[in-house]
2 protein chains.
Amino acid sequence: MLRLPPLSAIRAFEAAARHGNFTKAAEELGMTQAAVSYQVKLLEDRVGTPLFLRQPRRVVLSEAGKRLAPAVAEAFQRLNAAFASLRETDESVLSVSAVNTFCTNWLVPRLGTFQMAHPNIAVRLEASHRVVDFAMEEFDVAIRSGKGDWPGVKAHQLFPVELTAVASPEFMKRAGPIKRAEDLLPLPLLDCTDECWQRWFAQAGVSKLPRLKGPIVQMQTQQMIGSAAMAGQGVALVTPALFDTDLAAGRLVQILPTVVSHYDMKYWLVYPEERQKSAKIKAFRDWILAEVARDRIAKETAAPRLAIM
Amino acid sequence: MLRLPPLSAIRAFEAAARHGNFTKAAEELGMTQAAVSYQVKLLEDRVGTPLFLRQPRRVVLSEAGKRLAPAVAEAFQRLNAAFASLRETDESVLSVSAVNTFCTNWLVPRLGTFQMAHPNIAVRLEASHRVVDFAMEEFDVAIRSGKGDWPGVKAHQLFPVELTAVASPEFMKRAGPIKRAEDLLPLPLLDCTDECWQRWFAQAGVSKLPRLKGPIVQMQTQQMIGSAAMAGQGVALVTPALFDTDLAAGRLVQILPTVVSHYDMKYWLVYPEERQKSAKIKAFRDWILAEVARDRIAKETAAPRLAIM
DNA sequence: ACGATCCATAAGGTGGCTTTATGCTCTTCC
DNA sequence: GGAAGAGCATAAAGCCACCTTATGGATCGT
């Protein structure tokens, strides 16, 4: 393939041809008239034929220039259109990756208000338990839990990953009155394979470790654990923020006020640093941070609904 | 109009998208893989969205990239086509400006051999008495007379502007025998307003100035003067090289061997310096110089046909 | 005649682009 | 399972292409 002349020269020619005036072209391109003159001459040298006739106080396209100009203009229009359309459609769909529980229990119920505020942004939501790499997969933003120290991404803290014991009201009735943390020890503790329960009991002032009950289904997500609790299968340790609707609706009750934070982990909204200026990302960020703030205020004003009291 | 991203970045993206491989793209563009990587990232920053997904050992277009690539490729093809076609049609027609006499009497009769040698080059010939400015008018080459010291143009000397006295055979018969230059003095000297005749007579050893005959038609071109001479209206001072066919055919005869050069003027083939590499110009230059050389050899071998002898 | 307009050109500086060099990841091969 | 290879990212450094500034020339309008 024959090599194209320098593109900057072609661009200068295109603007100059359109205006029939080097000075105007220079203005449009944000450079000086001398630069346009230089570039046009460069192009003329490259193609080996004059593209403009230098007439007194004006330039007019030569025959060669007349042949070239429309095609070049068309090519640039094509580029312009392509990038404009990219910008457009690009801003019209927001791709979100979130951990399963957060997705189902927190995000989805609230997304309606985002859609109301930004009717022209479609949201593509993908629940995934793995940490997505923005360079490998196409996501605009993600909700991750962790310490917020990921390189290359901007991270906004949403709320801490804290855990508290919950169960269904029916289960509570069957279990009988529970006044202290110790009372939970004999009950079926869901998914007690990890040390969360131990940390929760420690926080509640119970030094004795809960017994690990025989074979227990190990559940990957809080989603599953919460479902099991709601089905009355036992006591679960979940993040209250993620089950606030269930708590509010009475499908789950918080058994004791004790809340333990899961190490120092928090939930974060993250997105690539270099995309901070993206309109849709800004919109989503502003919306989700406002939602989180609203939640926090609601929680602080309302007393926690405890099962015992 | 929204400004386009840097064109070099777009070009790098186009090549990378086509190859699906930065390294290959770099080869095609004659740069390093690092440069392509840099440019692609630059473009991604500009459009605000990744265009490639960096997968192990390869890159694949993102959704945005997939949308962008075809349009960009099309635009570049358009440019390529435009410049290719320009090159093509540009080399297919040669525009020549020549002084009237040279054009009619020398160039046109010989152009046939040029056409034979270069059947794919069309010649557009324009006779003009003014000196064309290549920057103002569209000519590829020109034949000028002068000293060859024009700035910005390459000039090849063709032959000197020399003048000798000619007349038609019929006129010679009527005028009676002419043995010396002085014998011409009483005869009608065509277009004797300028000093050429004086210089010719001086060269011929005649110090006496020719009388200026009353009102005389002032003719702009040797063409006209020659025609007048052929019509038997008098004695003309013309460049023999430009009337060689008339001389050979006997329509004109050279009266005396005396030839005077018109100052130091020569006929030149000229064209813009920056267009030396143009194929059609090279073709024409080579052809015309060969023709001139052929003429010179022919003249040197053949004795001049003089009227007196 | 004078100013205004527009382009060409020379000189000079700088920042964008490239190269070089290195590291990383994943694959392949032995 | 280790070593080599392929491919991209990134940092550092250098250079040249491009732009700007400044000036001149040509023409037009008043």
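Throughout, protein chains are lettered first and strands after them, A, B, ... in sequence-line order, and every chain is numbered starting at 1.
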Atom [atom1] of [X] and atom [atom2] of [N]: how far apart are they, to the nearest Å?
X	N	atom1	atom2	value
B/Glu44	D/dT10	CD	P	10 Å
B/Gln39	D/dC8	CD	P	16 Å
A/Leu7	C/dG16	CG	C1'	15 Å
B/Leu42	C/dG15	CG	P	16 Å
A/His19	C/dT5	NE2	P	18 Å
B/Phe22	C/dT18	CZ	P	14 Å
A/Asp133	D/dC8	CG	C1'	13 Å

With a cut-off of less than 4.0 Å, is there a side-chain N or O of [X] near OP1 or OP2 of [N]?
X	N	answer
A/Asn21	C/dC7	yes
A/Thr23	C/dC7	yes
B/Gln55	C/dC26	no
B/Ser8	C/dC17	yes
A/Lys41	C/dT9	yes

Taking only residues two or more places apart in sequence or in another chain, which ones pass side-chain contact (heavy atoms from CB on, under 4.5 Å) with A/Lys266?
A/Gln157, A/Pro160, A/Trp268
Taken in chain and number order and not counting sequence neighbours, the residues that satisfy side-chain contact (heavy atoms from CB on, under 4.5 Å) with A/Asn21 are A/His19, A/Thr23, A/Lys24
Here the pair of heavy atoms bringing B/Ser278 nearest to B/Glu91 is OG-OE2, 3.4 Å
With sequence neighbours excluded, tell me which residues meet ring pair (Phe, Tyr, Trp, His ring centres under 6.0 Å) with A/Phe139.
none
Within residues 45-54 of chain B, the residues having a heavy atom closer than 4.0 Å to DNA chain D are B/Arg54
More than 12 heavy atoms of other residues, nucleotides or ligands under 6.0 Å from CZ of B/Arg124: is that the case?
yes
If you apply the rule salt bridge (charged side-chain N to carboxylate O under 4.0 Å, His left out), what do you find for A/Glu274 with B/Lys41, and how did you get there?
CA-CA 10 Å; A/Glu274 64 270 21; B/Lys41 170 177 278 264; 5.4 Å; no
If a protein heavy atom is under 4.0 Å from the base, mark B; if only from the sugar-phosphate, S; if neither, -; do that for nucleotides 20-30 of chain D going 5' to 3'.
BB-----BB--
I'd like to know if the side chain of A/Gln276 reaches the main chain of A/Glu273, judged simply by a donor and an acceptor atom lying under 3.5 Å from each other, with no hydrogens or angles considered.
yes
Using atom types as modelled and distance alone, determine if a side-chain donor or acceptor of A/Arg54 lies under 3.5 Å from a backbone N or O of A/Val59.
no
Show the atom names and distances, to 0.1 Å, of all donor-acceptor pairs under 3.5 Å that link a side chain in residues 60-74 of chain A to residues at least two apart or in another chain.
| residue | atom | partner | partner atom | Å |
| --- | --- | --- | --- | --- |
| A/Ser62 | OG | A/Pro50 | O | 2.7 |
| A/Ser62 | OG | A/Leu51 | O | 3.2 |
| A/Ser62 | OG | A/Ala64 | N | 3.3 |
| A/Ser62 | OG | A/Gly65 | N | 3.1 |
| A/Glu63 | OE2 | A/Lys66 | NZ | 3.2 |
| A/Arg67 | NE | B/Thr89 | OG1 | 3.1 |
| A/Arg67 | NH2 | B/Thr89 | OG1 | 3.0 |
| A/Glu74 | OE1 | B/Arg78 | NE | 3.3 |
| A/Glu74 | OE1 | B/Arg78 | NH2 | 3.4 |
| A/Glu74 | OE2 | B/Arg78 | NE | 2.7 |

